[in-house]
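Letters go in sequence order (proteins before strands), and every chain restarts at 1. Just so it is clear, the structure is predicted and the values come from calculations on it, not from any experiment.
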Amino acid sequence: MNDLQHSEPVCRKLAAWWDANARDLPWRFGRATPWGVLVSEVMSQQTQMSRVVPYWETWMRAWPDAAALADATTAEVITAWGRLGYPRRALRLQECARVVRDRYADELPRTYDGLIGLPGIGDYTASAVLSFAFGERIAVIDTNIRRVLSRVFRGAESLGGAATLAERDLANRVLPTDAARSVTWNQSVMELGATVCTAKNPLCDECPVRDDCTFLAAGRPGLGERRTRPRQRFAGTDRQVRGLVLNALRNLPADETVLTRAQVESLWADHIQLDKCVASLDEDGLIEMLPGGGVRLPR
DNA sequence: ATCCCGATCA
DNA sequence: TGATCCGGAT
């Protein structure tokens with residue numbers, strides 16, 4: 001069976017659906033530079049787009065290009081990252097900006113190897129930038145695309161952690177040959193996965209490719225089957241404690257830069273865990289520990 | 001409780 | 001290959 005023959009009507013329907021339904025995100029439709037697209041992709045890693053939009057707009061006004069971000073202080077960058085979560089992404093994004101400025105003359109590399117060599121840029125983000133910012137023909141593979149392609153063309157749920165070889169093969173087989181169409185394909189499949197073909201409760205009645213979907217035709221076997229291992233709970237974890245410390249630092253009055261030991265201790269009752277988290281934040285470069293037990297954002 | 005347009009380290 | 005890293009929303 002040739003998946004490519006099946007993908008052509010799906011591609012046409014998704015393209016029409018994309019034209020009518022694509023969310024009007026500020027980095028789409030040619031309104032952002034390649035650097036702006038990269039920033040949007042990094043901010044979107046494990047984070048909903050609706051939360052990203054206001055941060056991206058403020059961020060790009062402050063630092064429109066890699067060189068501008070490279071010149072910022074780390075404290076400014078961490079503060080601007082706000083409550084987006086996973087703040088190490090902010091550090092890596094600034095490292096990335098410095099590499100782009102210093103090694104690539106402030107111009108983002110246009111190859112997969114060049115992009116994936118940048119700090120904080122993995123397979124998904126490198127592929128997404130190549131496709132969405134540069135219009136290159138490359139299969140973008142994230143959890144949404146894996147889920148949609150697996151359902152439509154294989155009739156089964158996408159399970160497990162990393163993308164399997166079979167999933168990568170499928171993504172490459174169904175990718176339209178024409179570069180411009182491949183970009184719309186990547187974006188529309190991803191958008192469908194984010195808004196219609198969702199993991200738990202897909203809106204098959206509203207789906208533009210419901211007549212072509214192997215999964216729907218088969219009666220949606222295994223819908224809701226757990227795709228990932230149960231995630232670590234948030235309450236009480238190091239992640240929560242780290243977040244509390246960083247948030248306290250972000251919210252210091254404008255004329256203060258240091259959180260005293262007493263202020264740190266007031267954040268969390270378990271001082272063993274607290275000290276462990278403070279040390280790990282320091283190792284990550286997200287804070288600096290001071291001799292008296294106080295902490296501050298890096299200069 | 002589970003899901004988000006993942007990357008990195010061990 | 002598995003564990004870790006944030007936070008908001010459903």
Applying a 3.5 Å limit to both distances, which nucleotide forms a Watson-Crick or G-U wobble pair with dA9(C)?
-> dT2(B)
Round to a whole Å and report the spacing from OH of Tyr55(A) to C1' of dG8(C).
-> 10 Å
Rounded to whole Å, the CD1-P distance (Ile145(A) to dC4(B)) equals 13 Å
May I ask you to check whether Thr47(A) and Arg89(A) show a side-chain donor-acceptor distance below 3.5 Å?
-> yes
Between Thr143(A) and dG6(B), is there a side-chain N or O to OP1/OP2 distance below 4.0 Å?
-> yes
Rounded to whole angstrom units, what separation is found between the CD atom of Glu167(A) and the P atom of dG6(B)?
-> 14 Å
Any donor-acceptor N or O pair under 3.5 Å, side chains Glu167(A), Ser150(A) = no
Please give, in whole Å, the distance from dC3(B) P to Asp142(A) CG?
-> 15 Å
Please work out if Arg83(A) contacts a base, only the sugar-phosphate, or nothing of the nucleic acid, heavy-atom cut-off 4.0 Å.
-> sugar-phosphate
Is it true that Arg261(A) and Glu265(A) have a side-chain N and a carboxylate O under 4.0 angstrom from each other?
-> yes
Interatomic distance where CG belongs to Leu84(A) and P belongs to dC4(B) [whole Å] = 18 Å
Please tabulate, one pair per line, each protein N/O and nucleotide N/O from nucleotides 7-10 of chain B that are separated by under 3.5 Å, including the distance.
from, atom 1, to, atom 2, distance (Å)
dA7(B), OP1, Gly122(A), N, 3.1
dA7(B), OP1, Thr125(A), N, 2.9
dA7(B), OP1, Thr125(A), OG1, 2.5
dA7(B), OP2, Tyr124(A), N, 3.2
dT8(B), OP1, Gly120(A), N, 2.7

Describe, in one word, how the ring planes of Trp81(A) and Trp59(A) are oriented to each other, choosing from parallel (under 30°), tilted (30 to 60°) and perpendicular (over 60°).
-> perpendicular
Given the P atoms of dC6(C) and dC9(B), what is the spacing between them in whole Å?
-> 14 Å
Run the salt-bridge test on Asp284(A) and Arg242(A) with the 4.0 Å N-O cut-off and return the result as yes or no.
-> yes
Donor-acceptor pair, side chain of Asn172(A) and main chain of Arg168(A), under 3.5 angstrom = yes
For atom CE of Met43(A) and atom C1' of dC5(C), their distance in whole Å = 17 Å
Residue-phosphate contact under 4.0 Å: Arg146(A) side-chain N/O, dC4(B) OP1/OP2 | no
Any donor-acceptor N/O pair under 3.5 Å between dG7(C) base and Gln240(A) side chain = no
Arg31(A)/Asp24(A) ion pair, N-O < 4.0 Å = yes
In whole angstroms, how far is the P atom of dC3(B) from the CZ atom of Arg51(A)?
-> 17 Å
Gap between atoms CZ and P, on Arg239(A) and dA3(C) respectively (whole Å) | 14 Å
